[in-house]
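Working notes, beginning with the structure itself.
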Amino acid sequence: MKKHITVSILGTLPPIRALSSYCFELTQALAQICSVEFLSFKKIYPAFLYPGGKPDDDYTYPEIKDPNIHIRRRLTWYNPLSWLSEGLTATSDLLHAQWWSMPLFPVYMIVCVCFKFKKKPVIFTVHNVLSHEKSRIFFLLSKMLFTLGDHFIVHSSLNKQQLKTHYGLADHQISIIPHGSLDFHVKSGTVDRLTLRKQFGLTPENKVILIFGAIRPYKGLDTAIRAFAQTIATLPDARLLIAGRLWEDWGPYERLIRESRIEPQVITHLDYIPSGDVHQFFDVADLCLFPYHHFDSQSGAAAAALSFRKPMIVTEVGGLPELVSDRRFIIEPANSKALAEAVIGCLQDPAILSRMASDAETISGKFAWSGIAEQTAIIYQQMLKQL
């Protein structure tokens, strides 16, 4: 790049959880190209606004030590003066705001207005173009916020079309840059796989199917449970490992597991998984499922699976199909029979599983953060040239 740029990124970094895995990777990749001033939160929002329970901090992330990164953890949900101060005192050339959560609207609005007041470009990465729960309020607030944006980054072609259709943005205002793989989760030289399996109550013979990430209605866990009930009729050594914090009532899933008579074959960890423990769940897994009923973007949990080069079966929604090469393992949503057939097909054939892992290795190259940072920095340069 011709000019050394300093960018302010508005989002979250550890120990705050929220979008920190994505921001952690993006920030360190961008720091190889430009200087980064990160505007993060000291307190992000009150517990009653967080469906998954109290948003506890996670201190198990690796430490960020890059001298090109300056982190300011001053934003608090309850203090508008902190929003105004961060927006006005930021010394960067432009703002790159990571937008995903409706309760943060007033914080983002004030910070973005401050940058516009200083005549500095505002770029949004829109992680949720529309709310997962199809909230009309989220749409209206996003539309208001986007009037302050000079350029928009999304993770999939569907997201780009949604921005154009729902928000009236022009094609030239939107760039598609993928969600990178979350390689920092991978731990080398730690506890071996057999030992980890024993800790989970698993044997070497078990074929472990992992569903990882926050448990929410749109993620299709009910479809996965029904598919697993069909799977164990053919593969009695199969086990279903469900790991993630509840964002909804567990009761219907518990009843479905009980009525399907698969309780002994299902292992649950219904809580937030600290960053430092994520590798344990992927290390014991043979296959990862992402049977989402509806979805528009790319999945952070699927990005983690890609980091571990795990075979994946996904549904044909959002950006999930981009993570799988073999079309046999891209399933229509809410089709438990097709999902069970795909699971059985790959778990019965070690050669297929091996090939799926090799495919994940190849695909991960397309989601490398170095390339993502280069594409992002080009947008920064273009926006600054327009001043």
Side-chain angles (χ1 to χ4, degrees), residues 51-53 132-133 197 200-203 205-273 278 280-295 299-302 304-305 308 310-318 320-321 323-324 328-348 352-353 356:
H132 295 311
E133 288 75 27
R197 283 197 159 211
F200 279 90
L202 297 163
T203 70
E205 293 74 31
N206 289 141
K207 298 295 185 184
V208 181
I209 304 161
L210 174 63
I211 293 182
F212 187 88
I215 297 168
R216 302 176 69 168
Y218 71 91
K219 290 192 173 182
L221 181 56
D222 54 342
T223 301
I225 292 170
R226 291 186 179 95
F228 181 70
Q230 299 170 54
T231 298
I232 60 170
T234 303
L235 299 172
D237 284 332
R239 297 293 181 268
L240 181 62
L241 175 57
I242 303 169
R245 171 161 279 188
L246 289 168
W247 281 55
E248 59 175 323
D249 180 19
W250 178 247
Y253 298 119
E254 187 174 33
R255 285 193 295 274
L256 182 57
I257 290 169
R258 184 173 61 251
E259 290 166 2
S260 302
R261 299 181 180 179
I262 55 174
E263 289 172 288
Q265 292 84 22
V266 177
I267 302 167
T268 59
H269 185 97
L270 305 179
D271 203 352
Y272 171 74
I273 314 297
V278 167
Q280 298 179 16
F281 293 85
F282 286 99
D283 284 347
V284 301
D286 296 289
L287 175 68
C288 296
L289 300 187
F290 298 95
Y292 294 6
H293 288 165
H294 62 86
F295 192 60
S299 161
F308 289 91
K310 287 296 176 179
M312 281 184 266
I313 298 176
V314 304
T315 45
E316 196 159 14
V317 295
L320 291 177
L323 305 178
V324 176
R328 291 177 297 172
F329 303 111
I330 302 172
I331 308 301
E332 67 175 348
N335 188 332
S336 61
K337 183 175 184 294
L339 182 57
E341 289 172 353
V343 169
I344 293 168
C346 63
L347 288 183
Q348 278 187 324
I352 291 179
L353 275 182
M356 293 170 76

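A side-chain donor-acceptor contact under 3.5 Å links Asn335 and Glu332. For the residue pair Thr268 / Tyr253, no side-chain donor-acceptor distance below 3.5 Å is found, with atom types taken as modelled. Side-chain atoms of Gln230 and Ser336 include a donor-acceptor pair closer than 3.5 Å. Side chain to side chain, Thr315 and His293 fail the donor-acceptor criterion of an N or O pair below 3.5 Å.
One finds the CZ atom of Arg239 at 7.0 Å from the OG1 atom of Thr203 (value rounded to the nearest 0.5 Å). The structure places OG1 of Thr223 at 13.0 Å from OH of Tyr292, a figure rounded to the nearest 0.5 Å. Note: Leu323 CG to Ile330 CD1 = 9.0 Å, rounded to the nearest 0.5 Å. Interatomic distance, Ile242 CD1 to Phe212 CZ, rounded to the nearest 0.5 Å: 13.0 Å. Note that CD1 of Ile225 is 11.5 Å distant from CZ of Arg255, once rounded to the nearest 0.5 Å. Within the model, atoms CZ of Arg197 and CG of Asp283 stand 10.5 Å from one another, a figure rounded to the nearest 0.5 Å.
Residues Gln348 and Thr234 form a side-chain contact, since some pair of their non-hydrogen atoms from C-beta on lies under 4.5 Å apart. Between Ile211 and Leu241, the closest side-chain pair of non-hydrogen atoms is not below 4.5 Å. Cys346 places a side-chain heavy atom less than 4.5 Å from the side chain of Met356. Proximity of Asp286 to Ile209: side-chain heavy atoms (C-beta onward) are nowhere separated by under 4.5 Å.
Residue pairs meeting the salt bridge (charged side-chain N to carboxylate O under 4.0 Å, His left out) criterion with at least one partner in residues 259-271, sequence neighbours excluded, are Arg245-Asp271.
Residues Ala302 and Ser299 approach most closely at N-OG, 3.0 Å, considering heavy atoms. Closest approach of Ala224 to Pro291, counting heavy atoms only: CB-CG, 3.9 Å. Residues Phe200 and Ile267 approach most closely at O-CD1, 3.6 Å, considering heavy atoms. Residue Ala285 comes nearest to Lys310 through the heavy atom pair O-NZ, 2.7 Å, listed as atom of the first residue, atom of the second, then distance. For the pair Phe281 and Leu210, the tightest heavy-atom approach, listed with the atom from each and the gap, is O-CD2, 3.6 Å. What you find for Met312 and Phe329 is that their closest heavy atoms are O-CB, 4.0 Å.
Partners of Phe290 under the ring pair (Phe, Tyr, Trp, His ring centres under 6.0 Å) rule, at least two apart in sequence or in another chain, do not exist in this structure.
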Exercise for the section: Apply side-chain contact (heavy atoms from CB on, under 4.5 Å) to Leu347 and Leu287, showing your working. Expected result: CA-CA 8 Å; Leu347 288 183; Leu287 175 68; 4.2 Å; yes
Practice task
Report the C-alpha separation of Val314 and Ile331 in whole Å, then their side-chain angles, then the decisive distance to 0.1 Å, and conclude whether the side-chain contact (heavy atoms from CB on, under 4.5 Å) test is met.
Solution key: CA-CA 6 Å; Val314 304; Ile331 308 301; over 6 Å; no
Exercise for the section: Could you check Ile262 against Leu240 for side-chain contact (heavy atoms from CB on, under 4.5 Å), going step by step and ending with a plain yes or no? Expected result: CA-CA 9 Å; Ile262 55 174; Leu240 181 62; 5.5 Å; no
Handout entry: Full working for side-chain contact (heavy atoms from CB on, under 4.5 Å) between Trp250 and Ile215
Key = CA-CA 9 Å; Trp250 178 247; Ile215 297 168; 4.2 Å; yes
Exercise for the section: Decide yes or no on salt bridge (charged side-chain N to carboxylate O under 4.0 Å, His left out) for Glu341 and Lys337, but give the supporting numbers first. Expected result: CA-CA 6 Å; Glu341 289 172 353; Lys337 183 175 184 294; 2.6 Å; yes
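In this structure a side-chain-to-backbone donor-acceptor pair under 3.5 Å is missing from Arg226 to Ser260. A distance-only check finds a donor-acceptor pair linking the side chain of Asn206 to the backbone of Asp237 [under 3.5 Å].
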